[in-house]
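A short worksheet on the structure shown next.
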Amino acid sequence: MNKNLIALAVAAATFSGAASAATVYSDDTSSLAIGGRVEARALSSENGTTQVSKDQFKTYKEYNQALVNQHTSNDVTDISRVRVNIDAKTQIADGVQGIGYFEREFTANTNNDENRYIYAGVNSDKYGQIVYGKADGSLGMLTDFTDIMAYAGSVVGGSKLAVADRTSNNLAYAGTFNNLTFKANYVFDGAAYNSTTGQKTNQSGFSTAAKYAVGNTGLALGVGYAQQKDQTAINQPVNQTSKQTFAVASYTVGDLYFGGLYKYGHRDATNLVNGDVTDSQGYEFAAAYTMGKAVFTTTYGFMKDERNTSGAYDELANALSVDGTYYFNSNFRTYASYTFNMLDKNKVGKVAASDQIVLGARYDF
């Protein structure tokens with residue numbers, strides 16, 4: 001039971017609902033399963049009482065000062081959501097299946113509803129699978145090493161480039177060969193344009209990653225790289241190239257899990273103080289402990305800019321998160337999460353530097 005629970009905690013972001021998805025149709029060659037989750041979440045944090053938009057200011061300095069001086073209130077926000085997915089497959093040859101997957105998220109604020117996944121492709125039991133559509137990039141497999149919390153995400157892993165994250169116009173391959181898992185994807189240069197300037201507004205590029213489990217030692221290692229062409233950026237030249245390199249490791253022993261992540265990026269982040277596109281460097285540590293039906297997790301992440309040649313830097317992320325989750329069974333859990341945000345509110349504003357408290361209840365189907 002304990003090993004199953006910690007596996008759920010570590011893999012929740014990627015495999016949510018998969019374990020309890022219901023097969024609604026099946027014959028000798030085809031199957032169709034429906035799954036998802038209903039998740040009630042209450043968030044308490046600093047919120048701006050007035051909207052502050054970049055469009056209101058001539059310079060980023062004026063915009064940043066407005067964020068610092070912004071009036072706030074510590075309100076409770078309903079961030080509940082529902083996810084529904086459809087997983088279909090059919091046998092098209094010996095050991096080869098045609099597959100299709102769709103997932104839609106509905107939120108308390110309907111403006112944030114989105115199609116999370118829309119892809120189809122071919123899976124080979126021997127050679128892996130290749131899909132096209134809105135699908136995962138390659139680096140998510142690595143950021144999952146530290147993205148293990150019930151609510152709080154990976155502040156460093158969450159900064160991965162768009163082409164390495166879940167994105168559309170994406171041709172993606174994934175294959176597992178014994179203890180080695182390899183992923184690669186390419187995001188095409190799409191037909192998205194700014195109607196005023198005529199410039200492209202999308203990103204194109206590729207990412208690749210490999211993960212290796214070292215026998216039955218409990219040790220796993222991974223490395224990955226991503227590169228994308230940024231078509232447009234605020235106050236920056238167009239057609240610039242961004243790059244990222246990730247390295248990760250994890251160790252599982254009994255009911256304990258430890259994970260670590262390191263990232264170095266070129267033009268992959270935005271300075272929170274002056275708005276410049278900047279190089280970045282970051283690291284993150286995560287740990288989980290399973291005790292009966294309860295799982296306790298904690299993550300610390302730090303990231304800074306790397307463009308100042310004098311050696312000075314601004315912090316891009318500095319946060320410690322802790323949470324506890326209680327699994328009543330494989331379908332229903334409750335959790336509480338707290339994030340200590342250690343960014344300087346006098347530099348980035350109270351909202352960006354706010355602590356967060358989240359209470360949640362989740363039903364998987």
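Position 1 is the first residue of the sequence; numbering continues from there.
When hydrophobic side chains of Ile, Leu, Val, Met, Phe, Trp and Tyr are connected at separations under 4.5 Å, Val122 ends up clustered with Ile92, Val96. Its side chain within the 4.5 Å cluster rule, Leu161 clusters with Val163, Val187 among the Ile, Leu, Val, Met, Phe, Trp and Tyr residues.
Scanning both residues, Asn341 and Ala352, for their nearest heavy atoms gives ND2-O, 2.9 Å. Taking every heavy atom of both residues into account, Leu316 and Asn271 meet most closely at CD2-CA, 3.9 Å. Contact detail for Asp344 and Ala353: the closest heavy-atom pair is C-CB, 4.4 Å. Looking at every heavy atom in both residues, Phe145 comes nearest to Ala220 through CE2-O, 3.8 Å. The two atoms that bring Arg267 and Asp279 nearest to each other are N-OD1, 2.8 Å, heavy atoms only.
Shown here are the salt bridge (charged side-chain N to carboxylate O under 4.0 Å, His left out) partners of Arg166, two or more places apart in sequence or in another chain: Glu114. Residues satisfying the side-chain contact (heavy atoms from CB on, under 4.5 Å) criterion with Tyr338, sequence neighbours excluded, are Val322, Phe340, Asp355, Ile357. For Asp314, the salt bridge (charged side-chain N to carboxylate O under 4.0 Å, His left out) partners two or more places apart in sequence, or in a different chain, are Lys347. Legend: residues meeting side-chain hydrogen bond (donor to acceptor under 3.5 Å, both in side chains) with Asn185, ordered by chain and number and at least two apart, are Ser138, Asn170, Ser207. For the salt bridge (charged side-chain N to carboxylate O under 4.0 Å, His left out) test, residues two or more places apart in sequence or in another chain that qualify with Lys304 are Glu306. Looking at residues two or more places apart in sequence or on another chain, you find a side-chain contact (heavy atoms from CB on, under 4.5 Å) between Asp125 and Gln97, Asn123. Looking at residues two or more places apart in sequence or on another chain, you find a side-chain hydrogen bond (donor to acceptor under 3.5 Å, both in side chains) between Ser242 and Asp230. Residues forming a side-chain contact (heavy atoms from CB on, under 4.5 Å) with Asp165 (at least two apart in sequence, or on another chain): Lys160. Not counting sequence neighbours, the partners of Lys263 by the side-chain contact (heavy atoms from CB on, under 4.5 Å) test are Val156, Ser159, Gln244, Phe246, Leu261, Asp268, Ser280, Met303.
Taking the ring centroids of Phe285 and Tyr300, they lie at or beyond the 6.0 Å cut-off. Checked against a 6.0 Å centroid threshold, the rings of Tyr326 and Phe328 count as neighbours. Note: Tyr119 and Tyr132 fail the aromatic proximity criterion, with ring centroids not under 6.0 Å apart.
Counted within 6.0 Å of CZ on Phe188, heavy atoms from surrounding residues, nucleotides or ligands total more than 12; the atom is thus considered enclosed. Open room surrounds CG on Asn178; 12 or fewer heavy atoms of other groups in view lie less than 6.0 Å from it.
When only modelled atom types and interatomic distance are considered, Thr297 and Asp323 share a side-chain donor-acceptor pair under 3.5 Å. Side chain to side chain, Thr176 and Thr181 meet the donor-acceptor criterion of an N or O pair below 3.5 Å. Neither side chain, Ser31 nor Ser26, offers a donor N or O lying under 3.5 Å from an acceptor on the other. Residues Gln227 and Tyr225 bring a donor and an acceptor atom of their side chains to less than 3.5 Å of each other. Side-chain contact annotation: Asn331 with Asp364, donor-acceptor N/O pair under 3.5 Å absent.
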Would you tabulate the side-chain donor-acceptor contacts of residues 38-45 under 3.5 Å, counting partners in other chains and residues two or more places apart, or write 'none'?
from	atom 1	to	atom 2	distance (Å)
Glu39	OE1	Arg37	NH1	2.9
Glu39	OE1	Arg81	NE	2.9
Glu39	OE1	Arg81	NH2	3.1
Glu39	OE2	Tyr335	OH	2.5
Arg41	NE	Ile79	O	3.0
Arg41	NH2	Ile79	O	2.9

